[in-house]
Novice: 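Could you have a look at this structure, given as C-alpha cells, before my questions?
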Amino acid sequence: MTPDLPLPTGSITDSALPTGSITDSALPAGSITDRPTAVVPVPDGLTPDDLPAYVYDLASLDEHAAAVRAALPGIELYYAVKANPDPELLRVLARHVDGFEVSSGGELAHVRGLFPGARVALGGPGKTDAELFGDVTRLHVESPGELRRLLASGRRADVLLRVNLDVPVAGASLAMGGGATPFGMDPGGIAECVALLSGQDAVRLRGIHAHLASGLEAPALLELAAAVLEYARELGVTEINLGGGMAVSYAAPDARFDWHSYGEGLARLRRPGEVLRIEPGRALTVYCGRYVTRVIDVKRVHGELFAVVAGGTHHLRTPATKGHSQPLAALPPGEPVTIVGQLCTPKDVLAHRVPVRLAAGDIVEFTMAGAYAWNISHHDFLMHPKPGFHYG
Ligand SMILES: *Cc1c(COP(=O)(O)O)cnc(C)c1O
C-alpha cells in the first residue's frame with residue numbers, strides 16, 4: 001500500500017559532503033573515493049553531523065492512513081498511541097482516525113493537549129485512580145477490582161469490559177489473550193462485572209473490548225473477530241472493540257497487512273446496529289520512520305565482521321526486543337556483517353550478519369522504525385547524545 005521509500009541513486013562524492021564534516025576529517029584519505037558502488041546518501045537537508053537521526057515521511061503516513069481508512073467502511077478506526085506518540089505523526093493521523101486509544105494517564109494528557117475534543121479510549125492493566133477516573137470517551141475495564149473502585153467513586157463512565165477469551169491465537173507474535181495473562185478478564189470475570197453493574201446507572205456498560213494478539217494476518221484476525229462477536233451477542237452488547245495487532249513483517253518489509261480483505265471480512269461479520277471498532281498501532285506508523293546513522297568503525301574479531309554505527313539500540317530498541325535484524329535500505333552486497341551500536345553490551349545489535357558492504361563513514365538507514373522504536377528505547381543508558389528528529 002505504501003510505496004517503498006525511494007532510494008536516490010548515485011554515490012556520495014567528496015563534493016556532496018559539507019566541508020569539515022565528520023566524514024571528511026575522520027576518514028583515512030581516499031576511503032570515500034575507494035568505494036566503487038553507490039551507497040546510501042545522507043537524507044535531504046541533513047549532514048553526517050546530524051546523524052543519528054529519526055527521519056519521518058509524513059506524506060507517506062498520510063497516504064497510508066487514508067488507504068487504511070478507505071479499506072474499512074463503516075468501521076471505527078482508533079490509533080493505539082503507544083506505538084508512537086510523536087505529535088507530528090499524531091497530527092497526520094488525526095485527519096484519518098475516529099479517535100485515539102491510550103494506555104496511561106501520560107498518553108491521555110498528551111493526546112488531550114494536542115486534540116482537546118478528540119474521542120479517547122483508555123485501557124491497560126493497573127490503572128491508578130487518576131487513570132480510572134480520567135475524562136475519556138470510553139474506559140476499558142480490565143478487572144472486577146477496577147470496576148469496584150470506579151463504582152465506589154460514584155463517577156459516571158462509559159465502559160467496555162476487556163475480555164480475554166479462550167480462543168487459539170497460534171501464529172501471533174505477542175499473545176494478550178487465549179490463556180492466562182494479566183490482560184482483561186475471562187468470561188467469569190466479565191460475568192462478575194455484569195452483576196456489579198446491575199441496579200445502578202452511573203457506570204454504563206457499552207460493550208466489550210478484545211485485543212487478543214499481535215502479529216496476525218487478516219484471516220486469523222477475522223477468525224478471532226468472529227469469536228469475539230459471537231461472545232458479544234451472547235452477552236447482549238452491540239459495541240465491540242476488536243483491538244489492534246495487525247501483522248507487520250520485519251523480514252519482508254514490502255509485505256503489507258491486507259486491509260481490504262480485513263475490511264470486507266468485518267463488513268460481512270457486522271450485523272445492523274453493531275458498532276465495530278479497531279485500534280491498530282504498529283501497522284499504521286511503522287513504515288513511515290527511518291533511523292539513519294553512520295558507520296564509525298568496521299572491524300574483524302575472531303573472524304566475524306562488525307560495523308559499529310553511531311547510536312544503537314538505546315535509540316532503536318526494536319531489533320533487541322523483537323529479536324530480529326532491523327531491515328536496511330539497499331546497500332551494496334558484501335560479506336555478512338553484524339551492525340552494532342555504541343553501547344557496552346553484546347545486546348546492542350541492530351542487524352545480525354547482513355550481506356552488505358560497509359566502510360567507515362557510510363550512511364546506514366534502518367527502515368520500519370516508525371513504531372515501537374524511539375519511544376520504547378532506553379535513551380539514557382551510557383549517556384550518548386539523543387538522535388535528531390526530522391519530518392518530511
Ligand atoms: C498495544 C495495543 C494495541 C496496538 O497493538 P499493535 O500491535 O501496535 O497494533 C491496541 N490495543 C491495545 C489494548 C494495546 O495494548
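First listed ligand is number 1; within each ligand, the first listed atom is number 1. Position 1 is the first residue of the sequence, and the numbers go up from there.
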Novice: So, does Gly245 sit close enough to ligand 1 that a heavy atom of it is under 4.0 Å from the ligand?
Specialist: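 Gly245 counts as a contact of ligand 1 under the 4.0 Å cut-off.
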Novice: Do Glu88 and Leu58 come close enough that some side-chain heavy atom pair is under 4.5 Å?
Specialist: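 Sidechains of Leu58 and Glu88: in contact.
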Novice: Do any heavy atoms of Tyr372 fall under 4.0 Å from ligand 1?
Specialist: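 It does, in that a heavy atom of Tyr372 comes within the 4.0 Å cut-off of ligand 1.
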Novice: Going by the atom numbers of ligand 1, which of them fall below 4.0 Å from some non-hydrogen atom of Gly281?
Specialist: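 By the 4.0 Å cutoff, the relevant atoms are 4 (C), 6 (P), 8 (O), 9 (O).
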Novice: With atoms numbered from 1 as shown, which atoms in ligand 1 lie under 4.0 angstrom from a non-hydrogen atom of Gly244?
Specialist: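 Counting from 1, the qualifying ligand atoms are 9 (O), 10 (C).
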Novice: Could you point out which residue of Val237, Leu160, Leu242 forms a side-chain contact (heavy atoms from CB on, under 4.5 Å) with Ile208?
Specialist: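 With Ile208 as partner, Val237, Leu160, Leu242 yield a single side-chain contact (heavy atoms from CB on, under 4.5 Å), made by Val237.
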Novice: When you measure from atom 2 (C) of ligand 1 to every protein heavy atom, which one gives the shortest distance, and what is it?
Specialist: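 Ranking protein heavy atoms by distance from atom 2 (C) of ligand 1, first comes Lys82 NZ, 2.3 Å.
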Novice: Charged N to carboxylate O under 4.0 angstrom, Asp348 versus Arg317?
Specialist: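 Judged by the 4.0 Å cut-off on N to carboxylate O distance, Asp348 and Arg317 do not form a salt bridge.
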Novice: Using only heavy-atom distances, determine whether the side chains of Tyr56 and Thr285 contain a donor-acceptor pair under 3.5 Å.
Specialist: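 Result is no, nothing qualifies.
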Novice: Using a strict cut-off of 4.0 Å, indicate which atoms of ligand 1 neighbour a heavy atom of Ser214.
Specialist: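 What qualifies from ligand 1 is 7 (O).
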Novice: By number and element, which atoms of ligand 1 are closer than 4.0 Å to a non-hydrogen atom of Pro280?
Specialist: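 Close to Pro280: 9 (O).
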Novice: Please list the nearest protein heavy atom to atom 11 (N) of ligand 1 with its residue and the distance rounded to 0.1 Å.
Specialist: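 Ranking protein heavy atoms by distance from atom 11 (N) of ligand 1, first comes Glu279 OE2, 2.7 Å.
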Novice: Determine, for Tyr287 and Arg256, whether the Lys NZ or Arg CZ falls below 6.0 Å from the six-membered ring centre while staying within 45 degrees of the axis.
Specialist: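 Yes, cation above the ring, under 6.0 Å and within 45°.
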Novice: With heavy atoms of Arg282 as the reference, note each atom of ligand 1 found under 4.0 Å away.
Specialist: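 This gives 6 (P), 8 (O), 9 (O) as the contact atoms.
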Novice: Can a donor-acceptor pair be found between the side chains of Asp50 and His390 at a distance below 3.5 Å?
Specialist: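 No, because no side-chain N or O of Asp50 sits under 3.5 Å from a partner of the opposite role on His390.
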Novice: Identify, by atom number and element, the atoms of ligand 1 in contact range of Ala80, meaning under 4.0 Å from any of its heavy atoms.
Specialist: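 Within the 4.0 Å cut-off of Ala80, ligand 1 contributes 3 (C), 4 (C), 10 (C).
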Novice: Determine whether Glu239 and Arg277 satisfy the following criterion, salt bridge (charged side-chain N to carboxylate O under 4.0 Å, His left out), listing intermediate values before the conclusion.
Specialist: CA-CA 8 Å; Glu239 187 177 315; Arg277 185 178 303 133; 3.1 Å; yes
Novice: Got a salt bridge between Glu335 and Arg300, using NZ or NE/NH1/NH2 to carboxylate O under 4.0 Å?
Specialist: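 Salt bridge present between Glu335 and Arg300.
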Novice: Please list, in number order, the atoms of ligand 1 under 4.0 Å from a heavy atom of His209.
Specialist: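 Atoms satisfying the 4.0 Å criterion: 13 (C).
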